[in-house]
Amino acid sequence: MTNNGVCGSMSAEKDYAMNLIPERILPRLSILPIVPILPVLIGMMWTALHAMQTSAEASWPAFAWLLAQLLLEFAPLFLAQWLQFRAPWRWRHAVWLLGMVLYPLANLTLQGHGGQPLCMTQSGWLIALSASLAYWAHQFYQSRPWPDHSRASLRKLWSLDTTVLLLLATWVLFMSALLTSHQNAMALQPIPLAFHFDRILRHPAELIACLLQFTLMASIIYLIYWTNRYILIRHFLAHHGPLPFVLLSLAALGLSYPLLATLVLQLPLNVVETTLLPSGNHNPFDWFNLMFMLWIWALSTPLILAFERQQQEQSLAEARQAQLQTELRLLQQQINPHFLFNTLNNLYALCLIQSADAPKLVLQLANLLRYVVYQGQQALVSLQQEISYLEDYLALQQLRVSNKTRLLTHFPDAPGPYRLPPLLLIMLVENAYKHGVESTAEKSTVEIEMHLQGKQLRFVCRNSLGSAAGTAQTRSVAPAAQQDERAASGLGLKNLRRRLQLHYGQRYTLRSAPDEHGWCAELTLELAQ
């Protein structure tokens, strides 16, 4: 029995992406326990680090004890987040709502009414909740079979540019709310990391002023990122290499940083001795300002390169998927004429002898062609549809050869809700008639069996061999290396093998060889549901 599968699968894009990762680091990367709980872990770490910032006794023992307390308080959040994609579907939303929303709200409410003091804070919980929703949206995007136009739009939405803009917008809101929470905040150095929403609501004009000024600073940072990505990396690095890219980047940063620093100094927040510049003074030529821009360039360059490579690999995967789909359609178009010519030959033979069965043959041929035209172009059809197609084909063949051919069939009474690619089994049946019936004038037998064990399908097609045909077949397969010659010859079986490779990869077996009863072709594969 041969196991055929060279490349491709029903999910070619996914297989291609997995092949990009070395096998030694593949072990279950997608189900590592830490991945689903990262949103809650971030919220917990924020709570711990924020507490250490304001603690008068900040030390490693105190930090370890605080983490132990937070692990207990955040345990329901960890459990709810981990079960979000593993619990039964009908319980997932209820578990997540109970652990991620109701439990923290109850704790914070009791804490606000003089209950037992807790380490969990409102900001830490909101960070965990927001990150959990973002993780859920990401999983929903990855699992849903989006149409091509929708996937292209979503890819733009989740692009690196959008991510940078969202991060900068978050920074603008954070800094604006922080400065508005304190009166004359620029004079308070370091600025206390505390938010007073009552003061923010009382001073909306001050909040808007901060938003505008930090938006200008965020625009400068985005300008540095955009120039680095679309001018320096995509054009200069791609055409001139790494060293000229580094030299041009350093020259551009050296020329631009005083101009950008001068622009920042014009903002109204720079009315005190401490300014918004990284240097903290009013000197736009200070080296600290250049170092800040160098850090932006140094951090954004590898990130941009990584995203550019990921985007290129994704484009290659999509091109490969489109190529496989085109190849499948071409193979399908090759199979249809093969079947049509065989059936028209049958009709021609019956018309020559003016058989009364000719009209019935025409009707059955119409049904078969209808199946080929409509169901045959679909990716998957039900097993019951494929069985009905085979039964019509066999009835059509027996109209012509029933006088010399004994047909034995066994099909499942209840095929179930299983699906498979259309016109996948007919090639074995056609070859049984071609090599076992039409090649001899002797009495012949065709046996067809289909067995189901769960989702596993086993399809067996046997045919007898006449003495002349049997001698020829035996002579042609005498060497061991030629045992599968009959299966490999002819356009039909070559197409069948290629379709199986494209659809199933290595998840099928196809055997075609002589046995004690004649010739036996056996196909085993796993059905879709």
Side-chain angles (χ1 to χ4, degrees), residues 25 27-143 166-167 170-171 173-175 177-178 181-182 190-200:
I25 61 173
R28 307 293 184 183
L29 287 178
S30 60
I31 58 172
L32 283 175
I34 194 175
V35 174
I37 64 174
L38 281 176
V40 182
L41 183 62
I42 293 173
M44 188 189 75
M45 292 303 300
W46 161 266
T47 304
L49 294 173
H50 181 266
M52 288 294 102
Q53 292 285 334
T54 58
S55 175
E57 300 178 357
S59 63
W60 280 105
F63 183 64
W65 175 247
L66 178 61
L67 283 180
Q69 290 180 285
L70 286 173
L71 278 174
L72 291 176
E73 295 182 13
F74 276 81
L77 282 76
F78 280 113
L79 182 62
Q81 181 65 19
W82 194 80
L83 291 176
Q84 183 179 2
F85 300 98
R86 287 164 176 78
W89 179 259
R90 61 182 180 275
W91 299 109
R92 288 182 181 180
H93 300 301
V95 169
W96 183 86
L97 184 64
L98 180 63
M100 290 292 298
V101 180
L102 298 182
Y103 162 76
L105 281 177
N107 276 349
L108 293 173
T109 301
L110 292 175
Q111 185 179 3
H113 288 79
Q116 182 69 24
L118 299 175
C119 299
M120 182 188 297
T121 62
Q122 182 179 1
S123 59
W125 166 58
L126 290 176
I127 290 174
L129 181 64
S130 302
S132 175
L133 292 173
Y135 180 78
W136 178 86
H138 172 74
Q139 292 295 105
F140 178 76
Y141 166 74
Q142 293 290 339
S143 62
L166 288 175
L167 290 175
T170 304
W171 175 74
L173 292 174
F174 178 87
M175 293 302 300
L178 181 64
S181 297
H182 306 279
I191 302 174
L193 192 59
F195 295 92
H196 303 290
F197 294 101
D198 53 344
R199 190 181 189 282
I200 294 176

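Basis for what follows: all heavy atoms, side chains included, without hydrogens, waters or symmetry-related copies. For this chain, numbers begin at 1 and follow the sequence in order.
Annotation: side chain to side chain contact (heavy atoms under 4.5 Å, CB included) contacts of Leu49 (sequence neighbours excluded): Phe63. Qualifying side chain to side chain contact (heavy atoms under 4.5 Å, CB included) partners for Ala177, counting only residues two or more places apart in sequence or in other chains: Phe195, Ile200.
Residue pairs that meet the side chain to side chain donor-acceptor pair (under 3.5 Å) test with at least one member in residues 59-69, sequence neighbours left out, are Trp65-Gln69. Pairs passing the side chain to side chain donor-acceptor pair (under 3.5 Å) check and including a residue from residues 35-53, sequence neighbours excluded, read Trp46-Ser123.
Side-chain contact between Leu67 and Met45: present, with at least one pair of heavy atoms (C-beta onward) separated by less than 4.5 Å. Residues Leu79 and Tyr103 have side chains not in contact (no heavy-atom distance under 4.5 Å, counting atoms from C-beta outward). The shortest distance between side-chain heavy atoms of Arg92 and Leu83 does not fall below 4.5 Å. Contact of the Ser132 side chain with the Trp96 side chain is registered, since non-hydrogen atoms from C-beta on lie closer than 4.5 Å.
Nearest heavy-atom pair across Leu77 and Pro104 is CD1-CG, 3.8 Å. The two residues Cys119 and Leu66 make their nearest non-hydrogen contact at SG-CD1, 3.6 Å.
Between the side chain of His182 and the main chain of His196, no donor-acceptor pair closer than 3.5 Å is present. Side chain of Trp125 to main chain of Met100: a donor-acceptor pair is present (N/O by atom type, distance under 3.5 Å, no hydrogens or angles).
Leu105 CG to Leu129 CG: the interatomic distance, rounded to the nearest 0.5 Å, is 9.0 Å. The distance from atom CH2 of Trp136 to atom CD of Gln81, rounded to the nearest 0.5 Å, is 12.0 Å.
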I'd like a table of donor-acceptor pairs (distance under 3.5 Å, sequence neighbours excluded) in which one partner is a side-chain atom from residues 34-44, with atom names and distances.
none

